[in-house]
Amino acid sequence: MRTGVFGGTFNPVHNGHIHLARTYFDALRLDRMLVIPTCLPPHKPGEQLADGADRLAMCRLAFDGLPGFEASDIELRRGQKSYTVDTLEQLAKEYPDDGFYLIMGSDMFLTLTGWREWRRICELAVICAGARDTALRGRLADCKRSLEAQGARCELVELNPLPISSTLVRGRAREKKPLGGLVPPKVAAYIDSHGLYQTL
Ligand code: ATP
């Protein structure tokens with residue numbers, strides 16, 4: 001199986017994430033996409049960070065009914081900050097026959113060689129990135145060539161991102177404004193019924 005690995009805070013998951021995940025899923029002809037909320041330290045007042053269990057539940061609701069998409073608690077289960085390399089090592093053990101495609105934003109792609117055990121990451125997964133901004137295309141192509149010269153496998157994907165962020169969603173939830181068009185209806189209902197993001 002060709003398995004995509006898409007990590008993020010997902011605080012909360014929004015339509016921009018879903019659009020991105022679907023674009024990669026189709027472009028890379030994946031069989032499965034694992035959506036992985038990261039484990040973060042307990043939040044300080046003022047950070048509006050929902051519990052891992054809530055972020056995972058919203059990911060499950062958001063990708064429910066999309067064949068091949070699965071929200072995974074692999075990082076939340078570990079209960080501490082996770083490194084990508086550890087997550088990939090664990091997935092490689094759990095799914096020994098799969099090929100992994102690590103989905104990341106262009107900023108992360110451009111700084112990959114600063115990541116913990118980046119060479120091992122490149123052995124474990126194909127590195128996949130997309131330019132959110134056309135001005136970045138040249139830099140991404142240069143970075144791809146340089147990583148490939150060092151043995152990495154890379155795929156650049158054409159993106160047409162939606163102008164949505166979790167910050168925007170949290171702000172609207174706090175102001176009790178409707179979330180239609182920003183998150184799927186089931187996620188909006190979850191935010192409302194659990195009273196998430198109501199305070200700063
Ligand atoms: P916040 O506003 O809280 O910083 P966010 O909206 O950027 O959050 P994350 O959970 O941090 O959401 O994002 C996970 C991944 O999805 C990151 O790689 C990020 O670059 C990407 N991403 C987030 N929003 C979009 C979007 N609208 N279009 C394309 N990629 C996105």
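Whatever order the structure lists ligands and atoms in, that order sets their numbers, starting from 1. Computation of the quantities below employed the complete heavy-atom set of this structure, encompassing side-chain atoms and omitting hydrogens, waters and symmetry-equivalent molecules. Numbering of residues begins at 1 and proceeds along the displayed sequence.
Distances below 4.0 Å separate heavy atoms of Gly8 from the following atoms of ligand 1: 10 (O), 14 (C). Of all atoms in ligand 1, numbered sequentially from 1 with element shown, those under 4.0 Å from a heavy atom of Ser166 are 1 (P), 2 (O), 3 (O), 5 (P), 6 (O), 8 (O), 12 (O). The Ser165 neighbourhood of ligand 1 comprises atoms 2 (O), 6 (O), with distances under 4.0 Å to a heavy atom of that residue.
If you take CG on Leu61 and CG on Leu56, they are separated by 9.5 Å, rounding to the nearest 0.5 Å.
The 12-atom threshold is not exceeded at CZ of Arg139, counting heavy atoms of other residues, nucleotides or ligands nearer than 6.0 Å. Crowding of Arg22 atom CZ: a count of heavy atoms from other residues, nucleotides or ligands under 6.0 Å not exceeding 12.
Closest to atom 15 (C) of ligand 1, if we only count protein heavy atoms, is Phe6 CE1, 3.7 Å. At the shortest separation from atom 1 (P) of ligand 1 among protein heavy atoms lies Thr167 OG1, 3.4 Å. At the shortest separation from atom 19 (C) of ligand 1 among protein heavy atoms lies Arg132 NH1, 4.2 Å. Closest protein heavy atom to atom 11 (O) of ligand 1: Thr9 OG1, 4.0 Å. Looking at atom 10 (O) of ligand 1, its nearest protein heavy atom turns out to be Phe10 N, 2.9 Å. Closest to atom 28 (N) of ligand 1, if we only count protein heavy atoms, is Pro161 CB, 3.5 Å. Atom 24 (N) of ligand 1 has His14 CE1, 3.3 Å as its closest protein atom, hydrogens excluded (heavy atom only). The protein atom (non-hydrogen) at minimum distance from atom 30 (N) of ligand 1 is Leu20 CD2, 3.6 Å.
Under a 4.0 Å heavy-atom criterion, Arg170 is in contact with ligand 1. Residue contacts with ligand 1: Ile164 is included, with a non-hydrogen atom under 4.0 Å away.
Between Asp98 and Arg32 a salt bridge is recorded (basic side-chain N to carboxylate O distance below 4.0 Å).
For Phe63, the ring-ring contact (aromatic ring centres under 6.0 Å, His included) partners two or more places apart in sequence, or in a different chain, are Phe69.
Side-chain contact between Tyr197 and Arg172 is absent, with no heavy-atom pair separated by less than 4.5 Å. Between Leu147 and Thr113 there is a side-chain heavy-atom pair separated by less than 4.5 Å.
The hydrophobic cluster containing Leu28 does not contain Met108, counting ILVMFWY residues as joined when their side-chain heavy atoms lie under 4.5 angstrom apart, directly or transitively.
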Apply salt bridge (charged side-chain N to carboxylate O under 4.0 Å, His left out) to Arg145 and Asp142, showing your working.
-> CA-CA 5 Å; Arg145 268 191 295 277; Asp142 289 345; 2.6 Å; yes
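The aromatic rings of Phe10 and Phe6 lie perpendicular to each other, with more than 60° between the two planes, well past the 30° mark.
At a 4.0 Å heavy-atom cut-off, ligand 1 touches Leu162 through the backbone alone.
Of the N or O atoms in Pro163, none lie within a sub-3.5 Å distance of an N or O in ligand 1. At a 3.5 angstrom cut-off on N or O pairs, Asn11 does not count as close to ligand 1.
Considering His19, His17, Arg55, Met108 only, the shortest heavy-atom separation from atom 12 (O) of ligand 1 involves His17.
Looking only at distances, no side-chain donor or acceptor of Glu158 sits under 3.5 Å from a matching main-chain atom of Gly130.
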